Undergrad: 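Have a look at the structure that comes next, please.
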Amino acid sequence: MQVNGAPEPFATARLDALPLDVDHAREMAAVLFDPALHEWTGGAPEDEDTLRARYERQSAGSPDPAELWWNWVLRVRADGCLAGYVQATVRGTRAEVAWVVGTRWQGMGYAKEAAAGLVGHLLASGSPRTVIAHIHPGHTASAAVASAAGLRPTERRVDGEVRWRRDAGPADGGDEGSADATSTPFIS
């Protein structure tokens, strides 16, 4: 899955997920420069220099050798534009994922496609066997994205957000089966 510290690229029907590089900062600053993108997660848009510094830190990897930071930008194949990102923090057999698609590209199914592609890519690698995401209970769009990626809500709450979970199943090369809404929440 990881070559020279960077995650492997992957593709979906319409998107190329490219390993994050500091050179993506200029284009991504424009993609992410909408305060509405921070409604559920907090914070504010970052300018190119701030984003470049963050990408340098992320690209350097986690200071904890037991944890991997994998980040990809999403390029729309039809027009060559970057449209957002997906990320996974991998620790042991568990990956915590997140996704953001720029406002201009929302409502086109890109977030669902990217998240499903990310989860499939992670589980197919055989390393993570459980994928989780944390979603604000009022963020229905993100909940729909998680559901499209095969994640199911659990009873667990972390900082007010619902933990969603998917365990590797037979189609993913595992034998545990996918978690459903009634599964036991993952205990960290």
Side-chain angles (χ1 to χ4, degrees), residues 1-10 12 15-22 24-25 28 31-32 37-38 40-43 46 50-74 82-101 111-137 139 142-143 145-154 156-168 172-174 176 178-179 183 185-188:
M1 168 64 75
Q2 203 168 18
V3 179
N4 297 327
E8 292 180 12
F10 65 93
T12 66
L15 302 168
D16 291 320
L18 308 171
L20 179 69
D21 187 278
V22 295
H24 294 128
M28 287 301 293
V31 169
L32 302 174
L37 291 175
H38 302 273
W40 299 105
T41 59
E46 297 174 324
T50 304
L51 199 56
R52 180 177 300 280
R54 180 159 58 97
Y55 286 0
E56 286 173 358
R57 289 188 306 276
Q58 289 176 326
S59 296
S62 172
D64 180 348
E67 183 174 87
L68 301 171
W69 293 348
W70 290 338
N71 299 277
W72 297 262
V73 294
L74 303 170
L82 296 182
Y85 66 85
V86 293
Q87 59 189 29
T89 300
V90 181
R91 181 176 274 287
T93 60
R94 183 175 90 175
E96 183 167 350
V97 299
W99 50 83
V100 173
V101 170
K112 289 180 180 179
E113 184 175 327
L118 172 62
V119 170
H121 180 67
L122 292 169
L123 294 176
S125 76
S127 177
R129 305 312 301 150
T130 299
V131 177
I132 63 170
H134 293 97
I135 299 171
H136 187 283
H139 198 333
S142 208
V145 170
S147 183
L151 281 74
R152 300 292 174 254
T154 70
R156 179 92 189 263
R157 301 292 182 268
V158 177
D159 296 327
E161 294 184 322
V162 177
R163 177 172 283 179
W164 288 64
R165 175 182 172 150
R166 177 175 169 185
D167 294 317
D172 305 309
E176 298 88 26
S178 294
S183 68
F186 185 81
I187 307 297
S188 38

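Note that the structure is a prediction, hence the values are computed from the model and not measured.
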Undergrad: Indicate yes or no for a side-chain donor-acceptor contact from His38 to the backbone of Gly42 under 3.5 Å, with no hydrogens or angles considered.
TA: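 At least one qualifying donor-acceptor pair exists.
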Undergrad: So, does Arg165 use its side chain to make a donor-acceptor pair with the main chain of Arg152 at under 3.5 Å?
TA: no
Undergrad: Output, in order, the C-alpha distance, side-chain angles, deciding distance and verdict of side-chain contact (heavy atoms from CB on, under 4.5 Å) for Val90 and Glu67.
TA: CA-CA 6 Å; Val90 181; Glu67 183 174 87; over 6 Å; no
Undergrad: Quick one: does Asp159's side chain get under 4.5 Å of His134's, heavy atoms only?
TA: no
Undergrad: Is a side-chain N or O of Arg129 found less than 3.5 angstrom from the main chain of Leu123, in a donor-acceptor match?
TA: yes
Undergrad: Which heavy atom of Ala98 sits nearest a heavy atom of Leu118, and at what distance?
TA: O-CD2, 4.4 Å
Undergrad: Considering non-hydrogen atoms only, spot the tightest contact between Ala88 and Val97 and give its length.
TA: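 In this case the closest contact between Ala88 and Val97 is CB-CG1, 4.0 Å.
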Undergrad: Using side-chain contact (heavy atoms from CB on, under 4.5 Å), reason through Leu18 and Tyr85 one step at a time and then give a plain yes or no.
TA: CA-CA 9 Å; Leu18 308 171; Tyr85 66 85; over 6 Å; no
Undergrad: If a pair satisfies salt bridge (charged side-chain N to carboxylate O under 4.0 Å, His left out) and one of its residues is in residues 115-124, list it, with sequence neighbours excluded.
TA: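 Salt bridge (charged side-chain N to carboxylate O under 4.0 Å, His left out) check on residues 115-124 returns no pairs.
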Undergrad: Find the distance between NZ (Lys112) and OG (Ser147) and round it off to the nearest 0.5 Å.
TA: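 Going from the NZ atom of Lys112 to the OG atom of Ser147 covers 8.0 Å.
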Undergrad: Could you walk me through whether Glu96 and Gln87 pass the side-chain contact (heavy atoms from CB on, under 4.5 Å) test, one step at a time?
TA: CA-CA 8 Å; Glu96 183 167 350; Gln87 59 189 29; over 6 Å; no
Undergrad: Any heavy-atom pair between the side chains of Val145 and Trp99 that's under 4.5 Å?
TA: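 Yes - at least one pair of side-chain heavy atoms lies under 4.5 Å apart.
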Undergrad: Measuring from atom CZ of Arg163 to atom CD of Glu161, what distance do you get when rounded to the nearest 0.5 angstrom?
TA: 11.0 Å
Undergrad: Measure the CH2-OG distance between Trp70 and Ser62 for me, rounded to the nearest 0.5 Å.
TA: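 Taking CH2 in Trp70 and OG in Ser62, the distance rounds to 12.5 Å.
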Undergrad: Return the set of residues passing ring-ring contact (aromatic ring centres under 6.0 Å, His included) with Tyr55 (not counting sequence neighbours), or none when no residue passes.
TA: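 Counting only residues at least two positions away or on another chain, Tyr55 forms no ring-ring contact (aromatic ring centres under 6.0 Å, His included).
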Undergrad: Mind checking the CZ-CD spacing from Arg52 to Glu46? Nearest 0.5 Å is all I need.
TA: 13.0 Å
Undergrad: What pair of heavy atoms forms the shortest contact from Pro19 to Pro9, and how long is it?
TA: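 Taking Pro19 first and Pro9 second, the nearest heavy atoms are CD-CB, 3.8 Å.
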Undergrad: Which pair of heavy atoms, one from Leu51 and one from Leu32, lies closest together, and at what distance?
TA: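 Where Leu51 meets Leu32 most closely, the heavy atoms are CD2-CD1, 4.5 Å.
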Undergrad: Give the minimum heavy-atom separation between Pro128 and Leu122, together with the two atoms involved.
TA: CD-O, 3.5 Å
Undergrad: What are the two closest non-hydrogen atoms of Ile135 and Ala143, and how far apart are they?
TA: CG2-N, 4.0 Å
Undergrad: Without swapping roles, check the side chain of Arg156 against the backbone of Pro153 for a donor-acceptor pair under 3.5 Å.
TA: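 Flag not set: sc Arg156 to bb Pro153 has no pair under 3.5 Å.
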Undergrad: Look at the rings of His121 and Trp72 and say which category their plane angle falls in: under 30° parallel, 30 to 60° tilted, over 60° perpendicular.
TA: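 Because their plane-to-plane angle is over 60°, the rings of His121 and Trp72 count as perpendicular.
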Undergrad: Does His139 reach the main-chain N or O of His136 with its side chain, forming a donor-acceptor pair under 3.5 Å?
TA: no
Undergrad: Would a distance-only check, ignoring hydrogens and angles, find a side-chain to backbone donor-acceptor pair under 3.5 Å from Arg94 to Thr130?
TA: no
Undergrad: Measuring from atom CG of Leu20 to atom CZ of Arg54, what distance do you get when rounded to the nearest 0.5 angstrom?
TA: 8.5 Å
Undergrad: Quick one, Arg91 with Leu68, criterion side-chain contact (heavy atoms from CB on, under 4.5 Å). Give me CA distance, side-chain angles, the key distance, then yes/no.
TA: CA-CA 7 Å; Arg91 181 176 274 287; Leu68 301 171; over 6 Å; no
Undergrad: Say whether, by atom type as modelled, one donor and one acceptor occur between the side chain of Thr89 and the main chain of Trp69 under 3.5 angstrom.
TA: no
Undergrad: Can you tell if the side chain of Leu74 reaches within under 4.5 Å of the side chain of Leu82, non-hydrogen atoms only?
TA: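 Not touching, per the 4.5 Å side-chain cut-off.
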